[in-house]
Every structure is written in structure tokens, then in C-alpha cells.
Amino acid sequence: MLNILKKFSTSNGPEAPGARVLKFWSLRPRSDREAGDAVTSNFLLHWFPAKVSKASMAWRYSFWLGTITAALFLLLTLSGLPLLLLYVPSVERAYQSVKDLEYVITFGRWIRAVHRIAAHAMVIAVVLHLARVFFTGAYKNGVGRNQHREWNWVIGVALLLLTLFLSFTGYLLPWDQLAFWAVTVGTNIASAIPMIGPKVRELLIGGRTIEQATLIRFYVLHIVFLPGAVAALFAYHMWRVRKDGGLARADREETAGVPMLTTPSATKTYTLLGVARGTAPAVTARTLQAPNTTVNAVPDLARRAVIATLATIAVVSILSVFIRSPLEEPANALVTPNPAKAPWYFLWLQEIVTDTTIHLGRFTINGAFIGGVVLPGLLIGLMTVWPWLDKSPSLAAGVWFARERRTQNLVFILVMVAILALTFIGMVMRGPYWQFYWPWQVWPDVPGRI
Ligand code: HEM
């Protein structure tokens, strides 16, 4: 790989004046100028600035979770291409085409596993990236002009929702019992929206029941509109990071930079030509010593981005050799599995939906309304406007768990722990008829048990 990269590199030999060379990579730029040129003349590196702050590149600052999320999206696109050629989006043939992938087509099982594991991993990575941004207060602006990090956070919230929806639409495609009933449970939650709920569900699934219209709707959303929207918003997200002067950590370096005090030598007195008595007023100049806090984006940033991307692809590819993708019986609207569970990332909502039906005299507040509409709506709304509610100083940004943001970090952790606990309960501790079972308890044999 490195040899191929080197082959395209300009740093192998001197360049004739005026010659246009394909500057694909520059692993060892010989000067700052060449490092800068590599960025400006290369399409792949256009998102990079010429110089980047060392501290913001540290693995321990961002854990490169945004890049890992992007790498997973790239892997999903790459592994999705061969699947496009083999999958048939029709209720009669979808299941069989996935079965062929599993049992007939060379490497079909592996490609499907790569796609599936990358999809689940992307949901996890995007949530971890969000948590990292929150804990470092990285939606706050610093010293630069025209910064709008709060908008990048809002774009991020949209990316999170798109990622969840992208995964959800893919869930249905194998057209087996697991897919069919997970999507049935998931879309039923949408019907709890007052007045328009049933219409929203109808719009989503293209009718009253999940059938061919739903499959084609989910398929087109999954392969065209949602990936297109993620790609476009991601491009904007990255452009904003550049416009905002890099990561919040870089700003912090500048704001918190300790100026070096230097006292100029007393070569002049200001004592009325020495006629009047008294000492000269002390003049202390503050000069900001600029220690070398930046490095060239090429090769330093570029190398790390490549490492994070290749490592992500390698881990998913290796896991896919060992982890089989589930494929149950073909979808059957007449046989309801018991229990029927939503996709794992919506299980915390399903848990709330089943636990929160409240009876007040003659009135019943439907749990689906609280768990499916009020709570997620509130959470998403609050999360979107959070950068404007957080009034902590700029210095609390770009650093993990700043003291000034202690309370909000604590609340964030509590909410995350609650969501994780409910997800765990939904995944492992709910058995037939949504009864509670300890992980080591055996479920009774009931019709439709999965
Ligand atoms: C498809 C989903 C997403 C992708 C591919 C993505 C990608 C990235 C990348 C590559 C960076 C550069 C720093 C890093 O690697 O951590 C970044 C920064 C950032 N992201 Fe995301 N992101 C996504 C979703 C989100 C979400 C859900 C949020 C929050 C709601 C968010 C908010 C931000 C912010 C505020 C920054 C600037 C961070 C800083 O200044 O330290 N992003 N994103």
C-alpha cells in the first residue's frame, strides 16, 4: 500500500518547472511549501488545513471517533455495492436472494456480514462521537472569527437521526421474521403521534400493512436518499470543522496559551529628562510566545486519518469472518414472534412504551405516546438547542470534563446510563409476553417463541 502511495507521490524527485504532476500523496514532504502544496492541489486532502494543532490530533482527545464513523460509512457504501447486484427488492424473492448470499454466492456471507456489522458499529460509533463532543464541550465557539460550532452540532444531530433511519430501513430488507416484526414494532410506535400518527405510519410503510410497497419504499430510502443525505451532510460537517478553525481543542490552545512576560531593559527613563526625581515607570511588555504547537497536515494528520480508516476496515473485516448474520424463517404476517422486539437501538423506547401506560380515572395515557413521541421528541429537541443553553465559558471547551460543565456532564451520563440499562433489559431480560426474566432463567415454551 505504502509503495503504491509513494509511486504517486511528488516527493520522489524534483518537479520540472510548470509541470503538472498528479499529487496523490506526499508521505515525506521536503519542505513546508511542499506539505502545503500537497493539501491545496489534492482533491482528497481538500478538507485539511495546511497546518493543524498537535493537541487536537491526539488520540486521547477525540479518539478519532468522527473519522471512524466516516470510515464505517465508507465501508457500508463499498460493501453495499456488490449487495446491490445480488439483492432483489420483491417480497417473493428478497428472502431467497439473501439466502443465496448466505449459502451459494462466493464470499456472499462475508460481504453481508461486513455490511451488517459496519451498520451496527456505525450506530455505536456515532453515539460515542456525540458523547465525546458533549464531554469536551466542543460545540462551543472559541477565539476564531465567524465560528459556528453550534451549527455543526445541529448538523450532527441530523446525522445521528439519519444514521438510525438508514439502519432501520436496512433492517427490513432480508424479509425474514426478525426483519418483518422488528419493523412492525418500530413503525407501530410512529402511530402513537396524536391525530397524524396513523397517517405518518401509512406514509412510511406505503399502506396499512407491511408488504411490497413498504419493501420498495425502505429499499429506495436505504440505497439512494438516506446515504445521499448522509454524504451531503457529512461533507458540510467537515467543511464547517475547517471553517471553525479546526477542532475546539485548537482554540483552547490559543485561549489558554500562557503568555510569556518579558521585561524590557530600562534603557529609557520617563522622568522629565531626569530633572524631576523619581524612578521610571516599569514597562512590562506581554509577548505571546508562539511555541511550535502545530504540524503540517501532510503527513501528520493524513497519516493518522489513514490509520484510523484502515484499522476500522480491518477490524470489521476480521469480525465478519467469525460472526454470522442472522436469517430466520421467511416473513409471515400471520405468525407473531413472542416476544416481538424492535431493532436493538430502539429497545429502550420499546421498554418505555410498554412500561408507561398511565390510567387517570377514565383517561388512559398511552405508553406509546410517552415512549414513542413525547420522550424522544423532548430529547431530540433539547439536544438540538443545547449549545445555546450551555452558558459555560469558552475555556470549558476542548477539554474533557471541564469543571465548569460538571453538572451538565453528570446529567448527560445519567441519561446515557438509563438508555443503556433499558436497552440491556430489552435485549436480554424480556421474554415471552414481554415478561421479565433474568438472563440465566429459561423461558417457558409458548407459541411463537423466538
Ligand atoms: C454520520 C455521522 C457523523 C460523522 C461521519 C462525523 C464526522 C466527524 C469528524 C470526522 C469530525 C472531526 C473530529 C473527529 O474525528 O472526532 C467531527 C467533528 C465534529 N462533530 Fe461529527 N460526525 C458525525 C455525527 C456527529 C454528531 C451526531 C454530532 C453531535 C450531535 C457531531 C458533532 C460534531 C462536532 C461539534 C464536531 C467538532 C468537534 C470539535 O471541534 O472538537 N457529529 N465529526
Side-chain angles (χ1 to χ4, degrees), residues 45-49 52-53 55-77 118-119 121-144 147-167 226-255 297 301-302 304-309 311-312 345 379-388 390 394 396-400 402 412 415-416:
L45 299 175
H46 247 66
W47 274 321
F48 291 3
V52 53
S53 104
S56 66
M57 279 200 318
W59 296 105
R60 265 183 310 164
Y61 172 62
S62 69
F63 293 99
W64 286 68
L65 285 161
T67 308
I68 290 172
T69 313
L72 288 166
F73 181 61
L74 173 75
L75 188 56
L76 280 166
T77 313
M122 185 169 166
V123 173
I124 298 171
V126 75
V127 173
L128 289 177
H129 172 59
L130 180 148
R132 174 312 262 176
V133 171
F134 190 90
F135 289 137
T136 53
Y139 47 69
K140 298 178 77 68
N141 296 318
V143 288
Q147 288 182 325
H148 290 295
R149 288 218 175 86
E150 67 282 1
W151 281 117
N152 222 10
W153 169 267
V154 176
I155 299 295
V157 174
L159 278 169
L160 168 75
L161 297 180
L162 283 172
T163 305
L164 290 177
F165 202 34
L166 190 56
S167 176
L226 295 172
V230 169
L233 277 189
F234 169 61
Y236 183 67
H237 196 57
M238 292 295 47
W239 182 75
R240 276 251 54 96
V241 170
R242 269 217 66 183
K243 280 277 163 200
D244 294 338
L247 302 190
R249 177 79 206 179
D251 268 350
R252 189 185 158 75
E253 294 291 293
E254 250 173 87
T255 352
L301 179 64
R304 287 181 193 215
V306 170
I307 291 174
T309 306
T312 308
Y345 39 83
L379 265 182
I380 295 166
L382 205 63
M383 210 162 68
T384 310
V385 298
W386 196 259
W388 288 274
D390 178 350
S394 316
V399 60
W400 279 83
F412 187 91
V415 173
M416 289 296 257

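Quick note: residue numbers are just sequence positions, from 1. All ligand and atom numbering here is 1-based and tracks the order in the structure. All values reported here derive from a predicted model rather than from experimental measurement.
- Rounding to the nearest 0.5 Å places CG of L160 at 9.0 Å from CH2 of W153.
- Side chain of E150 to main chain of W388: no donor-acceptor pair is present (N/O by atom type, distance under 3.5 Å, no hydrogens or angles).
- In this structure, R149 contributes its side chain and N141 its backbone to no donor-acceptor pair below 3.5 Å.
- Looking at atom 13 (C) of ligand 1, its nearest protein heavy atom turns out to be L247 CD2, 3.7 Å.
- The salt bridge (Lys or Arg N to Asp or Glu O under 4.0 Å) test applied to D244 returns R240, not counting sequence neighbours.
- Residue contact annotation: W153 has a non-hydrogen atom under 4.0 Å from ligand 1.
- For ligand 1 and S62, the ligand atoms under 4.0 Å from any heavy atom of the residue are 16 (O).
- The part of Y61 lying near ligand 1 is the side chain, judged by heavy-atom distances below 4.0 Å.
- Of all atoms in ligand 1, numbered sequentially from 1 with element shown, those under 4.0 Å from a heavy atom of V157 are 30 (C).
- A distance of 11.5 Å separates CD1 of I307 from OG1 of T312, quoted to the nearest 0.5 Å.
- The closest approach between a heavy atom of R132 and any atom of ligand 1 is below 4.0 Å.
- With a 4.0 Å heavy-atom cut-off, ligand 1 is reached by the side chain of F234 but not by its N, CA, C or O.
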Derivation and outcome, side-chain contact (heavy atoms from CB on, under 4.5 Å), residues L161 and I380: CA-CA 9 Å; L161 297 180; I380 295 166; 3.8 Å; yes
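- Ligand-side atoms of ligand 1 in range of A138: 35 (C), 38 (C), 39 (C), 40 (O), 41 (O), range being under 4.0 angstrom from any heavy atom.
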Verdict with supporting geometry, W386 and Y139, side-chain contact (heavy atoms from CB on, under 4.5 Å): CA-CA 9 Å; W386 196 259; Y139 47 69; 3.2 Å; yes
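- A distance of 9.0 Å separates CD1 in I68 from CG in L128, rounded to the nearest 0.5 Å.
- Contact between M122 and ligand 1 is present, with at least one heavy atom of the residue lying under 4.0 Å from the ligand.
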Candidate pair W400 and R132, rule side-chain contact (heavy atoms from CB on, under 4.5 Å), full reasoning: CA-CA 8 Å; W400 279 83; R132 174 312 262 176; 3.7 Å; yes
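- Less than 4.0 angstrom separates some heavy atom of V126 from each of these atoms of ligand 1: 2 (C), 24 (C), 27 (C).
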L75 vs M122, side-chain contact (heavy atoms from CB on, under 4.5 Å): CA-CA, chis, key distance, verdict: CA-CA 10 Å; L75 188 56; M122 185 169 166; over 6 Å; no
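- Less than 4.0 angstrom separates some heavy atom of R149 from each of these atoms of ligand 1: 40 (O).
- Heavy-atom minimum distance, Y61 versus A248: OH-CB, 4.0 Å.
- Side-chain N or O atoms of W59 include none that pairs as donor or acceptor with a backbone N or O of W64 at under 3.5 Å.
- For the side-chain contact (heavy atoms from CB on, under 4.5 Å) criterion with S167, the lone passing option out of V123, L162, L226 is V123.
- Against a heavy-atom cut-off of under 4.0 Å, L160 is close to the following atoms of ligand 1: 27 (C).
- At a heavy-atom cutoff of 4.0 Å, ligand 1 is contacted by the side chain of M238 but not by its backbone.
- Listed by number with element, the atoms of ligand 1 under 4.0 angstrom from any heavy atom of A248 are 39 (C), 40 (O), 41 (O).
- Of all protein atoms, those of element N, O or S that lie under 2.8 Å from atom 21 (Fe) of ligand 1 number 2.
- Relative ring orientation between F135 and F412 is described as perpendicular, the plane-to-plane angle rising above 60° on a 0-90° scale split at 30° and 60°.
- In terms of N/O distances under 3.5 Å, ligand 1 is approached by T67.
- Under the 4.0 angstrom criterion for non-hydrogen atoms, T136 is not in contact with ligand 1.
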